[in-house]
**Student:** 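The structure that follows is given in the form of structure tokens.
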Amino acid sequence: MANNNTYSQLYIQCVFAPKYRAALLDPSWDERLRMYISGIVRNNEHKMIAINNMPDHLHLFVGLNPKQSISEMMKLIKGDSSEWINREKLTTRKFYWQDGFGAFSYGKSQVDNVVKYIENQQEHHTKISFLDEYRKMLEKFEIEYDERYIFKLPEEG
């Protein structure tokens, strides 16, 4: 992506979940959600490469435009999409995304494998839970984490 004299090739996968990892992303409207989030990504001049979700989490894979930080992009995606979910009354109670997210970078040679991985989430999660998948990703990328701050359930605060 060119921005004046700036050229980049930044591939980022982000993973995030509804508050308390609740399985609120219903198949009856999850395609609309993916389209809505794709629009936010494009409107912020990033390239949407892949997006998919399970009822309790969402993966998106973008070509990041360096004019905006990952944190700012995610703030907009989560804020705008939760506002849309609530405006459309897609859940029976007020919808919120969990605080935080995972962000993982990849090289160009890995793009096809990441796309396949995201596209095959439904099959993938017949074998592994979201939380186990997330821990595995953190460990694969050698990211130190505090178990207290991994996506929490309501009784965990």
Side-chain angles (χ1 to χ4, degrees), residues 1-91 94-125 130 133-145 149-151:
M1 287 180 214
N3 183 358
N4 294 334
N5 205 21
T6 301
Y7 302 94
S8 65
Q9 187 179 82
L10 306 168
Y11 298 107
I12 307 293
Q13 177 183 193
C14 295
V15 182
F16 54 107
K19 193 158 187 162
Y20 307 126
R21 295 195 327 263
L24 297 174
L25 306 178
D26 193 86
S28 67
W29 53 269
D30 63 3
E31 181 63 27
R32 288 173 58 205
L33 174 65
R34 293 190 293 264
M35 289 173 60
Y36 192 84
I37 289 174
S38 295
I40 297 167
V41 168
R42 283 190 302 277
N43 289 342
N44 283 275
E45 299 179 34
H46 305 289
K47 180 182 178 184
M48 178 60 78
I49 300 170
I51 184 169
N52 199 358
N53 63 278
M54 295 297 293
D56 65 347
H57 71 284
L58 188 142
H59 291 257
L60 62 95
F61 189 40
V62 300
L64 187 75
N65 184 327
K67 77 174 193 169
Q68 185 177 57
S69 72
I70 297 167
S71 293
E72 182 62 26
M73 177 186 73
M74 290 303 298
K75 180 180 175 185
L76 290 169
I77 287 170
K78 291 166 80 175
D80 289 359
S81 62
S82 61
E83 190 178 293
W84 175 78
I85 290 166
N86 290 319
R87 187 175 58 247
E88 296 290 314
K89 297 179 174 35
L90 298 174
T91 57
K94 194 157 171 74
F95 180 89
Y96 299 96
W97 291 106
Q98 182 96 3
D99 288 340
F101 57 89
F104 308 93
S105 64
Y106 296 87
K108 185 162 181 56
S109 65
Q110 298 168 295
V111 168
D112 288 346
N113 286 339
V114 177
V115 168
K116 285 178 191 144
Y117 170 76
I118 291 173
E119 288 175 347
N120 291 319
Q121 281 294 292
Q122 285 71 8
E123 181 185 325
H124 177 69
H125 284 292
F130 165 56
E133 169 195 47
Y134 191 66
R135 283 188 187 104
K136 199 172 170 181
M137 290 177 83
L138 291 170
E139 289 160 8
K140 175 184 170 191
F141 281 86
E142 298 179 8
I143 297 172
E144 289 185 31
Y145 63 94
Y149 300 109
I150 295 294
F151 297 111

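Numbering of residues begins at 1 and proceeds along the displayed sequence.
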**Student:** Hey, could you give me the OG1/CG distance between Thr91 and Leu25, rounded to the nearest 0.5 Å?
**Tutor:**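 Taking OG1 in Thr91 and CG in Leu25, the distance rounds to 9.5 Å.
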**Student:** Where the side chain of His46 meets the backbone of Leu64, is there a donor-acceptor pair that is under 3.5 Å apart?
**Tutor:** no
**Student:** Output the distance between atom CD (Glu133) and atom NZ (Lys140), rounded to the nearest 0.5 Å.
**Tutor:**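 One gets 10.5 Å once the value is rounded to the nearest 0.5 Å.
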**Student:** Treating Glu119 as the side-chain partner and Ile51 as the backbone partner, does any N or O pair qualify as donor plus acceptor under 3.5 Å?
**Tutor:**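 The answer is no, because no donor-acceptor pair under 3.5 Å joins these two groups.
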**Student:** Centres of the Tyr117 and His59 rings: under 6.0 Å?
**Tutor:** yes
**Student:** Look at atom CG of Asn86 and say whether more than 12 heavy atoms of other residues, nucleotides or ligands are closer to it than 6.0 Å.
**Tutor:**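 More than 12 heavy atoms, drawn from other residues, nucleotides or ligands, come within 6.0 Å of this atom.
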**Student:** Before giving the answer on side chain to side chain contact (heavy atoms under 4.5 Å, CB included), spell out for Ser82 and Tyr96 the whole-Å C-alpha distance, their side-chain angles and the decisive distance to 0.1 Å.
**Tutor:** CA-CA 6 Å; Ser82 61; Tyr96 299 96; 5.9 Å; no
**Student:** Walk me through whether Phe130 and Arg21 qualify under side chain to side chain contact (heavy atoms under 4.5 Å, CB included).
**Tutor:** CA-CA 9 Å; Phe130 165 56; Arg21 295 195 327 263; 3.8 Å; yes
**Student:** Which residues pass the ring pair (Phe, Tyr, Trp, His ring centres under 6.0 Å) test with Tyr106, sequence neighbours left out?
**Tutor:**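 Result, ring pair (Phe, Tyr, Trp, His ring centres under 6.0 Å) vs Tyr106: Phe61, Phe141.
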**Student:** Main chain of Gly107, side chain of Gln110: is a donor-acceptor contact present, judged purely on distance under 3.5 Å?
**Tutor:** yes
**Student:** Can you find a heavy atom in the side chain of Leu90 that is under 4.5 Å from one in the side chain of Asp26?
**Tutor:**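 A side-chain contact under 4.5 Å is absent here.
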**Student:** Walk me through it: do Leu33 and Ser81 pass the test side chain to side chain contact (heavy atoms under 4.5 Å, CB included)?
**Tutor:** CA-CA 7 Å; Leu33 174 65; Ser81 62; 4.1 Å; yes
**Student:** Distance check, rounded to the nearest 0.5 Å: Leu58 atom CG versus Phe101 atom CZ?
**Tutor:** 13.5 Å
**Student:** To the closest 0.5 Å, what do you measure between NE2 (His125) and CG (Asn52)?
**Tutor:**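 Rounded to the nearest 0.5 Å, the NE2-CG separation comes out at 9.0 Å.
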**Student:** Which atoms form the tightest heavy-atom contact between Pro55 and Pro18, and what is the distance?
**Tutor:** O-CG, 4.2 Å
**Student:** Looking at Ala17 and Asp56, what are the two nearest heavy atoms and their distance?
**Tutor:**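 So the two residues come closest at CB-O, 3.3 Å.
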**Student:** For residues Asp80 and Tyr36, report the shortest heavy-atom separation together with the two atoms involved.
**Tutor:**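 Of all heavy-atom pairs spanning Asp80 and Tyr36, the closest is O-CE2, 3.6 Å.
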**Student:** Any donor-acceptor pair under 3.5 Å linking the side-chain atoms of His57 with those of Gln121?
**Tutor:** yes
**Student:** In the structure I gave you, are the side-chain heavy atoms of Phe16 and Ile77 within less than 4.5 Å of one another anywhere?
**Tutor:**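 Contact flag for Phe16/Ile77 side chains = yes.
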**Student:** Is there a side-chain contact between Tyr11 and Ser105, using heavy atoms and a 4.5 Å cut-off?
**Tutor:** no
**Student:** Is a side-chain donor or acceptor of Lys78 paired with a backbone partner of Gly100 at a separation under 3.5 angstrom?
**Tutor:**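 Yes; at least one donor-acceptor contact below 3.5 Å.
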**Student:** To the nearest 0.5 Å, what is the distance between CG on Asn53 and CG on Leu24?
**Tutor:**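 These two atoms lie 11.5 Å from each other.
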**Student:** Under the criterion side chain to side chain contact (heavy atoms under 4.5 Å, CB included), I'd like the reasoning laid out for Ile150 against Tyr134: C-alpha separation, chi angles, the key distance, then a yes or no.
**Tutor:** CA-CA 9 Å; Ile150 295 294; Tyr134 191 66; 4.0 Å; yes
**Student:** So do the side chains of Ile12 and Met73 get within less than 4.5 Å of each other, counting heavy atoms only?
**Tutor:**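 Answer no - side chains too far apart.
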**Student:** Rounded to the nearest 0.5 Å, what separation is found between the CG atom of Leu60 and the OG atom of Ser38?
**Tutor:**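 Result: 8.0 Å between the selected atoms.
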**Student:** With a 4.0 Å cut-off, would you call Asp30 and Arg34 a salt bridge?
**Tutor:** yes
**Student:** Do NZ/NE/NH1/NH2 and the carboxylate oxygens of Glu139 and Arg135 come within less than 4.0 Å?
**Tutor:**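 Here Glu139 does not pair with Arg135 in a salt bridge, since their nearest N and O are not under 4.0 Å apart.
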**Student:** Measure the shortest side-chain to side-chain distance between Gln68 and Leu76 over non-hydrogen atoms and say whether it is less than 4.5 angstrom.
**Tutor:** yes
